[in-house]
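Below: one structure, written as structure tokens.
Keep in mind it's a predicted model, so treat the numbers as computed, not measured. Naming convention: chains lettered A, B, ... in sequence-line order (proteins, then strands); numbering from 1 in each chain.
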Protein chains: 2
Amino acid sequence: MRATDIQTVRALPLFAGIGEAQFAALMDAALLQRFPAQVQLIHEGEEADFLHIVVEGMVEMFASGNGEETTIGFLAPVSTFILAAVLVEKVYLQSARTLTPSRLLMIPAGAVRKVFAGDTAFAGAVVIELAERYRDIVRQLKTQKMRTGIERLAAWLVAHGEATPDGLVVRIAFEKVKLASFLGMTRETLSRSFAALADYGVSVSGRTIRCADADALIRLARPDPLLDEHGQPA
Amino acid sequence: MRATDIQTVRALPLFAGIGEAQFAALMDAALLQRFPAQVQLIHEGEEADFLHIVVEGMVEMFASGNGEETTIGFLAPVSTFILAAVLVEKVYLQSARTLTPSRLLMIPAGAVRKVFAGDTAFAGAVVIELAERYRDIVRQLKTQKMRTGIERLAAWLVAHGEATPDGLVVRIAFEKVKLASFLGMTRETLSRSFAALADYGVSVSGRTIRCADADALIRLARPDPLLDEHGQPA
DNA sequence: CGCCGCTTTGAGTCCATTCAATTCCGGTGG
DNA sequence: CCACCGGAATTGAATGGACTCAAAGCGGCG
């Protein structure tokens with residue numbers, strides 16, 4: 001494991017205040033591993049054995065049920081995932097797979113729980129992390145129940161767009177069908193939603209979206225600080 | 001505050017391992033208050049100032065946005081709520097109101113954070129509580145995205161029914177429109193869904209639901225241990 | 001007994017999905 | 001360099017589910 005990787009991990013809020021010895025204990029127990037794209041890292045229903053951290057690449061969180069699959073979020077470096085399952089020593093509720101070749105740091109669940117019990121600063125950071133994740137999912141649930149499909153798309157564009165001279169530009173880092181699944185619609189509906197947004201100055205070319213009139217989009221999305229702030233997930 | 005109330009609160013997993021002095025500190029700072037029905041306790045968007053605990057009565061968690069409202073869960077004694085907002089010192093993402101006359105224990109956010117920092121056992125319990133709540137919301141999101149309206153209703157009935165000689169019996173403790181909102185449908189659709197469940201041996205009389213053939217219902221709900229286990233919310 | 005709120009039922013509309021077919025795009029091999 | 005291939009994305013048509021609007025039951029409470 002490279003020193004620079006350790007540095008980036010150490011810089012995570014989760015490990016910010018943790019003692020040297022405890023951090024070293026975590027890193028000693030941890031594995032750093034490379035995965036190609038499209039590898040399923042976590043199968044929902046299995047025992048949580050590792051706390052995962054995306055160091056490089058992109059990971060999709062999803063859930064499946066009777067043949068269907070729905071995307072719950074996308075993770076870019078550097079973020080942790082499935083912290084909750086590790087802490088309560090229960091099975092994963094979500095699955096995860098790499099979307100691109102990735103490097104993951106995996107810390108054994110037991111080590112996490114041990115350090116948690118012995119390091120107050122780490123315990124505090126874990127709680128903050130967990131609480132923020134909780135709030136992220138609450139936002140997602142609210143968005144799912146209270147906004148229409150087009151509004152969810154508009155909000156996602158606004159949240160992920162980059163301001164440039166000629167308007168908002170969004171680059172989708174994965175297949176559109178994943179975005180559709182995350183937004184809770186089919187790929188066809190997403191396509192039609194993009195078409196409908198043309199009236200609002202949105203043009204699509206491949207995975208790059210340009211929004212000439214960001215304000216119109218924002219108005220459509222009915223942005224809610226309670227829904228859109230932060231925006232850790234996806 | 002009555003001694004028996006303190007006992008029930010103390011018996012909560014959240015306070016199980018906490019030291020006497022720390023628990024006393026929390027209780028000293030806490031307020032026990034009665035509220036009539038239909039009182040809004042928490043307004044989303046405001047600063048989190050108290051950790052709330054339902055000691056008696058029933059509380060609805062909900063969220064609103066441009067005139068609409070959606071129910072996120074129902075709380076019966078004894079449960080805590082809005083722990084996450086208290087811990088991260090941010091605004092509430094959900095609102096809460098009493099559905100029936102209730103008694104609430106309210107612990108100032110500062111006291112919670114203080115004891116959290118000083119009592120390892122409490123810190124551990126907070127994390128477990130938080131993690132379980134997180135998992136509850138993940139289940140709710142999955143249910144919302146992966147099951148149809150009727151399936152959500154069937155699953156809710158199965159999860160909340162009581163086994164009796166003549167099948168599953170569910171007593172809805174609040175207005176049906178609240179249940180509809182929780183399940184993510186309109187009251188009309190809920191009514192029609194109940195009608196559709198007649199084919200599965202479900203009969204409705206007022207707020208009491210009887211399910212002659214629980215198995216049929218279970219099959220319809222496509223029960224998923226990952227979705228239905230636990231079932232803290234609602 | 002009659003009012004009022006909740007619930008149910010009915011009819012019509014809209015939106016999202018499904019199924020099917022076509023187009024677009026990136027990568028490969030000739 | 002270009003033609004071809006295959007997966008992804010779009011488009012079209014038809015179906016279906018959920019919603020809105022409207023009106024009629026039902027029940028509780030004064």
Side-chain angles (χ1 to χ4, degrees), chain A residues 36-38 58 60 65-71 99-101 143-154 156-157 170-199 202-210 220 222, chain B residues 37-38 58 60 65-71 97 99-101 143-154 156-157 170-199 202-210 220 222:
Chain A
Q38 304 302 333
M58 169 140 316
E60 173 193 12
N66 78 308
E68 307 270 313
E69 221 178 71
T70 192
T71 300
L99 290 179
T100 64
T143 298
Q144 193 63 39
K145 289 180 80 175
M146 313 211 336
R147 293 213 254 226
T148 67
I150 288 197
E151 286 168 356
R152 291 197 293 276
L153 173 57
W156 191 87
L157 290 174
V170 190
R171 170 94 195 148
I172 308 177
F174 34 79
E175 294 159 334
K176 278 185 192 153
V177 63
K178 301 283 187 196
L179 177 58
S181 175
F182 173 73
L183 294 175
M185 55 177 90
T186 60
R187 75 183 75 201
E188 294 95 330
T189 302
L190 175 63
S191 187
R192 286 184 242 274
S193 298
F194 270 126
L197 285 183
D199 301 343
V202 173
S203 63
V204 180
S205 64
R207 286 181 181 177
T208 304
I209 323 291
R210 231 170 294 273
L220 174 64
R222 293 195 278 109
Chain B
Q38 305 302 332
M58 170 143 309
E60 175 194 11
N66 80 307
E68 307 270 313
E69 221 177 71
T70 192
T71 300
R97 72 163 68 92
L99 290 179
T100 64
T143 298
Q144 192 65 38
K145 287 180 80 174
M146 311 202 356
R147 292 215 256 226
T148 68
I150 288 196
E151 287 167 356
R152 291 197 294 274
L153 173 57
W156 191 86
L157 290 174
V170 190
R171 170 97 195 142
I172 308 176
F174 34 79
E175 295 158 331
K176 278 184 192 153
V177 61
K178 300 284 186 195
L179 176 59
S181 175
F182 173 73
L183 295 175
M185 54 179 91
T186 61
R187 73 185 78 200
E188 294 95 330
T189 302
L190 175 63
S191 187
R192 287 184 242 272
S193 298
F194 270 125
L197 286 184
D199 300 343
V202 173
S203 64
V204 180
S205 62
R207 286 182 181 174
T208 303
I209 323 291
R210 229 170 296 274
L220 173 63
R222 293 194 277 109

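- For the pair A/Glu68 CD and C/dA16 P, the computed distance is 18 Å after rounding to whole Å.
- Judged by distance alone, the side chains of A/Ser205 and A/Thr208 never bring a donor and an acceptor atom under 3.5 Å apart.
- The CD atom of A/Glu188 sits 12 Å away from the P atom of D/dT11 (whole-angstrom rounding).
- When the P atom of D/dG7 is taken as reference, atom NZ of A/Lys176 falls 18 Å away, rounded to whole Å.
- Of all heavy-atom pairs spanning A/Gln38 and A/Leu99, the tightest one is NE2-O, 4.0 Å.
- When side chains are defined from C-beta on, A/Arg207 counts as touching A/Glu175, because their heavy atoms get closer than 4.5 Å.
- With B/Leu220 as the fixed residue, the side-chain contact (heavy atoms from CB on, under 4.5 Å) test singles out one of B/Leu153, B/Leu197, B/Leu157: B/Leu197.
- Under 4.0 angstrom from either OP1 or OP2 of C/dT17 there lies at least one side-chain N or O belonging to A/Thr189.
- What separates CG of B/Leu179 from P of C/dC6 is a distance of 16 Å, to the nearest Å.
- In this structure, the nucleotide among C/dT18, D/dC19, C/dT8 sitting nearest to the side chain of B/Arg187 is C/dT8.
- Not one side-chain nitrogen or oxygen of A/Ser191 sits closer than 4.0 Å to the OP1 or OP2 atom of D/dA9.
- Applying the 3.5 Å distance criterion, the base of D/dG17 shares no donor-acceptor pair with the side chain of B/Arg192.
- The CG atom of A/Leu183 sits 14 Å away from the C1' atom of C/dA16 (whole-angstrom rounding).
- Rounded to whole Å, the distance from CZ on A/Arg147 to P on C/dC15 is 18 Å.
- Spacing between atom CD of A/Glu175 and atom P of D/dT10 amounts to 12 Å, rounded to whole angstrom units.
- Among the atoms of the strands shown, only primed sugar atoms or phosphate atoms (P, OP1, OP2) are found under 4.0 Å from some heavy atom of B/Gly149.
- The nucleotide whose nearest atom lies closest to any side-chain atom of B/Met185 is, among D/dC19, C/dT7, D/dT10, D/dC19.
- Between C/dT17 and A/Thr186, a contact under 4.0 Å exists linking OP1 or OP2 to a side-chain N or O.
- Residue B/Leu190 contributes atom CG, which lies 14 Å from atom C1' of D/dC19 at whole-angstrom precision.
- Judged purely by atom type and a 3.5 angstrom limit, B/Ser191 has no side-chain atom pairing as donor or acceptor with the backbone of B/Arg187.
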